[in-house]
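Notes to accompany the following structure.
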There are 2 protein chains.
Amino acid sequence: MTEPAPAAGASSTGDAPPPVDENGVPLTKNALKKLQKDKEKAEKKAAAAAKELAIRQQKAAADAADVSKEDYGELPLIGSKDFKPTNTPRVDLSNIADFEDKEVTFRCWVENARVQSAKLAFLNLRQGLNTVQAVVAASEKLSKQMVKFSGSVSTESTIVVTGEIKRVKEQIKSASIKDFEVHIKRLFVEVKADSPMPLQVEDAERPLPSDGVGDEEEPQQTEAGARPLVSLNVRLNNRTLDLRAKINHSIFVIKSGVCALFQEFLSQKGFTLIHTPKILGAASEGGANVFELKYFDRPAYLAQSPQFYKQMLIASRFQKVMEIGPVFRAENSNTARHLTEFTGLDLEMEFQENYHEVMGVLEDLMLFIFKELKARYKKETDLVRSAYHVDEFKLPESGKVPRIPFTEGIKMLREAGEELGDYDDLSTPQEKHLGRLVLEKYGSDFYTLDQFPLAIRPAYTFPSPADPLLSNSYDMFMRGQEICSGAQRIHDAALLTKMMIAHDPPIDPMGAGTKDYVESFKYGCPPHGGGGFGLERIVQFWLGLPNIRMCSLFPRDPNRVVP
Amino acid sequence: MTEPAPAAGASSTGDAPPPVDENGVPLTKNALKKLQKDKEKAEKKAAAAAKELAIRQQKAAADAADVSKEDYGELPLIGSKDFKPTNTPRVDLSNIADFEDKEVTFRCWVENARVQSAKLAFLNLRQGLNTVQAVVAASEKLSKQMVKFSGSVSTESTIVVTGEIKRVKEQIKSASIKDFEVHIKRLFVEVKADSPMPLQVEDAERPLPSDGVGDEEEPQQTEAGARPLVSLNVRLNNRTLDLRAKINHSIFVIKSGVCALFQEFLSQKGFTLIHTPKILGAASEGGANVFELKYFDRPAYLAQSPQFYKQMLIASRFQKVMEIGPVFRAENSNTARHLTEFTGLDLEMEFQENYHEVMGVLEDLMLFIFKELKARYKKETDLVRSAYHVDEFKLPESGKVPRIPFTEGIKMLREAGEELGDYDDLSTPQEKHLGRLVLEKYGSDFYTLDQFPLAIRPAYTFPSPADPLLSNSYDMFMRGQEICSGAQRIHDAALLTKMMIAHDPPIDPMGAGTKDYVESFKYGCPPHGGGGFGLERIVQFWLGLPNIRMCSLFPRDPNRVVP
């Protein structure tokens, strides 16, 4: 406390002699006024200085009293040298049970922080897919100042904390780690997050509106009091924040996993990973739906698939090849399952006697992927399915993938009331309908349609020996939606030439984009077949997600090329 | 043999009465002539028929005598059903020793076939990287006709053979399998190769001319009598045939291996495989050297690197990411180490305290790759090095990769007589010179230069805390050539904005290609760093190959977009 101010009535100029200047001459009224003002000014200044001093003394006293002042704060920007490395081991919270009653240090980020009282703050911390509750409690060793600071750290800031891992009596509902909490001893903000953010990460955790898109103008309300569901567009416009959601981390960990499993299985079978060019001197497969680019002083085109090249490598005796790479389609399709750029999982292999050898490899590959996704990516799969309530992905108990002739599929659809001809292509709703029928009959969400009509397949498809209107080609489906297209290819230049000319529309076998391809089959190319999967579709249908854009980090469609 | 023809003098019309018509009237001279003609015609016809019959009988007799007629021939085009699968197991010649004295069936292709005598033919057969000698010897059970057929199969035809695996007394020089040969019992041509071929596979096995390019007009002669070395251009124009060479198979098996090892190492460290977009709405990194394309009704651009996206994913809390994908550079560089499309091996990771944590991961990654290439791809490495005689790739015995400060590198070069300033960029010859000096001093073909001058690095590079003219950035080298460029990146939007504006040339931090990137660092992005490797360069310098085009299946440069 400071001294009380003097009483208002006690004037300091009361009975004093009249004031004079430095020569003893009494002052004029004006001079007197000025003097009075100066005096007041000086007094004010002195009072301010005293106040300032008092505040400083108070702060110094408080600082001296802040037993935690070395244990919290904002760190300078980490520039690798000005911040001295402490080389403190930093732990992964996935192993939290190993650290019970131990003091550990880890980096994490703040989901939210709140001051409960002057002596207590709570934080929800996240690291990877784990979230944990942290407590900052004032004590002899931990100051109220540190409690206040910790409870005020902005959401999404990156921090490094040291604390003791303690088992809790009652499970914690608000965190993924339910049996432990962190009793914080030190907390430093490494990178402070600005606020407000254009998208809340907690909103990105919630499912998309039920149509898989949503309306920005009229956000969908799910229940009274709940925040409206954020539209797909708003999420994609702020994709870097959107992707922070655990649900999105899970989707892309699974996507990474599908690639790894694809390579693991095929490597063991002796496949060589290839990288074929994405820039082509001439549009190859027909020339429709292809992006054109300026290649120095000439036009060039983006590859719609590695089809021609992977086959040319079979002609080069590579025997078994696989590729994981971008595929570009200039299709003006704005659907929930089309992208203009996606990741193709391609394979091509020679076979010995029958293209069903290739189909066998494709089916075994997919069964391996599904089995291992279940085993190795259960946590991520469960996390996504907790937001999007989709049925488990069913596989036949026999372990045998249903391999249904196309004509049989047509028959099943007709019996179920669909009207279509023997050699008609299936529409998307018909494909989905067939998916339900197959699930009913065979108990499998995954199956193959074999022997497609020749007329609806590319010119390089081998005609069927059973029926000249059919072909040695197949599609694979998950939950009634196509994920793979494949076939035996024509490995003879003369037959290929004939089929290209007879194709509707005809393809010039000696064109700039076809000549090298056709000629590669003149010198003893072995019989071969293969297929191409859409990676994003496998992930979408495995998880039962409503929109393929959710399975592309930065999706591209006719209306979106940013971010 | 047929009966001998009657003697020429014996006329069948000798002493006969004059010919008459059906009414007994003697014939006119004209009628007589006509009759004579008709008779001659009929006789000719009869003779032809007799000859035809004789040929048929002869052939039937020959066929009946050909004990092998079911054991060789040309198969019809394999259409999967008209050729009945035999389901005969077909063996891999890599395991040939397991089949000693056994009869096996395998597919292979013909390197060359030659008839030695009426009773003996030799074939050189190839399967993958293996070549084996095969013998077709006439016997009671194997006809001379089969010997003749087998010895005449055209080079590069795909065949299926059945034969007995026999150990030989003297090692076979002309094949990779030296201790065994195949005694053929059945031989069928599955796919016949046309001839002549525009490029001989045996020519593709031989090294490139010594400049790594060669001259088509004046092919390089290596020694008297030897075939001239085929130029790079001729090889690349006929790439599907060129790639059949064992040396090329080896290069691409190694390339596939580098990818697999990259992923194996980083997966174990918890990296997520990502796929970032290759089509960008705006040119990002400065806008130079970028390919423009037509994206529906607007322009778009091909990604020069995944740099911005991999960093945005660190801002999205992905912690550790890797990508293997095409990278496009519209640089008009026609050198032995530049491509306009190549495969980038990228990684980006958050670090805890110092960017040298990232460098440590990069160095360990490369040491792992080198070690495993030696162990798992020895056969392929040796095969390539047998054509291109290059020194073994040296690694430091200590296992510690030399990490040389840029300023120290400058000093070493100056002491070796190079003239350059403290903050100058190194020219390619200077880099190679430094490589030789480092090899001499540290005994390593692999090393890192650290702390590059800030002015010669991208705007997002973190300035060095030690010297404002330097930066927390590094390059990695193999045999004195750059394979990787990396750095600590600026993870703070304000500093990044400042550095972009100050950059030469300045970059607009709010531009269409930069805004989303810069803003992603506003919400608590952790400190991070990473690097990008050129996959083809790793393969090129590992093997010491003279031209990077040899490490791309279908290389792209300013003058080449086909095949």
Side-chain angles (χ1 to χ4, degrees), chain A residues 77-82 85 90 109 156-158 191 193-194 197 240 243-244 253 256 259 272-279 281 291-296 300 312 315-317 326 341 343 352-355 462 465-466 472 488 492 516 520 522-527 553-554 556 558 561-563, chain B residues 77-82 85 90 109 156-158 191 193-194 197 240 243-244 253 256 259 272-279 281 291-296 300 312 315-317 326 341 343 352-355 462 465-466 472 488 492 516 520 522-527 553-554 556 558 561-563:
Chain A
L77 194 62
I78 297 174
S80 294
K81 216 171 176 179
D82 53 1
R90 295 187 176 187
W109 56 98
E156 290 298 319
S157 292
T158 294
V191 198
D194 280 12
M197 293 191 298
T240 317
L243 285 172
R244 291 186 176 187
V253 166
S256 173
C259 283
T272 301
L273 185 70
I274 56 169
H275 302 92
T276 64
K278 303 308 159 204
I279 296 178
F291 290 114
E292 185 183 324
L293 65 118
K294 283 185 210 159
Y295 193 78
F296 301 101
M312 285 158 81
S316 297
R317 313 282 193 199
E341 178 181 344
T343 307
Q352 299 293 339
E353 301 184 301
N354 193 297
Y355 78 100
F462 210 101
N472 291 351
Q488 175 178 354
D492 175 77
D516 287 303
S520 68
K522 284 169 76 174
Y523 308 105
C525 175
L553 287 166
F554 298 95
R556 296 293 180 252
V561 271
V562 283
Chain B
L77 193 63
I78 297 174
S80 294
K81 217 170 175 179
D82 53 1
R90 296 190 176 185
W109 56 98
E156 290 297 319
S157 291
T158 295
V191 197
D194 280 13
M197 293 191 297
T240 317
L243 284 172
R244 291 185 176 188
V253 166
S256 174
C259 282
T272 302
L273 186 70
I274 56 169
H275 302 92
T276 64
K278 303 308 162 205
I279 296 179
F291 289 114
E292 185 182 322
L293 65 118
K294 285 184 208 159
Y295 192 78
F296 303 99
M312 284 158 82
S316 297
R317 314 280 193 200
E341 178 182 345
T343 307
Q352 299 294 337
E353 299 184 300
N354 194 298
Y355 78 99
F462 210 101
N472 292 349
Q488 174 179 354
D492 175 77
D516 287 302
S520 68
K522 284 169 76 174
Y523 308 106
C525 175
L553 287 165
F554 299 95
R556 297 293 180 252
V561 272
V562 283

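Here is how names work: the chains are called A, B, and so on, in the same order as the sequence lines, proteins then strands, and each is numbered from 1.
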Options P326(B), P527(B), A466(B), C259(B), ranked by heavy-atom pairs under 4.5 Å with chain A, top entry: P527(B)

S520(A): partners by side-chain contact (heavy atoms from CB on, under 4.5 Å), with sequence neighbours left out: M312(A), A315(A), T240(B)

Step-by-step side chain to side chain contact (heavy atoms under 4.5 Å, CB included) determination, I78(B) to F462(A): CA-CA 10 Å; I78(B) 297 174; F462(A) 210 101; over 6 Å; no

Option that, when pairs with chain B are counted at under 4.5 Å, heavy atom only, ranks first among D194(A), D492(A), D516(A): D194(A)

Contact leader toward chain A among T272(B), I279(B), L243(B), L553(B), where contacts are heavy-atom pairs under 4.5 Å: I279(B)

Contact origin within P558(B) toward chain A - heavy atom pairs under 4.5 Å: both

Contacting moiety of E156(B), where chain A heavy atoms sit under 4.5 Å: both

Chain B contacts, top residue of V253(A), V562(A), T343(A) (heavy-atom pairs, under 4.5 Å): T343(A)

Main-chain N/O of A193(A) paired to S157(A) side chain as donor or acceptor, under 3.5 Å: yes

Contact leader toward chain A among Q488(B), K522(B), E341(B), where contacts are heavy-atom pairs under 4.5 Å: E341(B)

Counterpart residues, ring pair (Phe, Tyr, Trp, His ring centres under 6.0 Å), relative to Y295(B) (two or more places apart): F291(A)

Residue selection (most heavy-atom pairs with chain A, distance under 4.5 Å) from C525(B), S256(B), G281(B), P526(B): S256(B)

Trace of the side chain to side chain contact (heavy atoms under 4.5 Å, CB included) decision for V561(A) with R556(A): CA-CA 5 Å; V561(A) 271; R556(A) 296 293 180 252; 3.9 Å; yes

Proximity breakdown for E292(B) and chain A, heavy-atom pairs closer than 4.5 Å: both

Y523(A) versus R317(A), closest heavy-atom pair with distance: O-NH2, 3.9 Å

